[in-house]
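Values reported hereafter were calculated over all heavy atoms of this structure, with side chains retained and with hydrogens, waters and symmetry mates removed.
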Amino acid sequence: MLILSLAAFLYLVLALGLVVAIDNMVGFVFPETRSRSSRFFNFSKAFTGSQWLHRK
């Protein structure tokens, strides 16, 4: 059972590493052109948008 758990953990680590590696390769081919600050959720824009929709 210990070997199975270890194999599952190593498989998870390998899969996550592969996802990160592919993500980095795609980032080299298609660089992100927008600014980093707009990457995170902007609560003020969401609040004003919801108020605008509520008024309609």
Nonpolar side-chain network containing [X], other nodes, edges under 4.5 Å:
{"X": "L2", "result": "none"}
{"X": "L6", "result": "L10"}
{"X": "I22", "result": "L18, M25, V26, V29, F30"}

| Separation between CG of L4 and CZ of F9, rounded to the nearest 0.5 Å |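 Output value for this atom pair is 14.0 Å.
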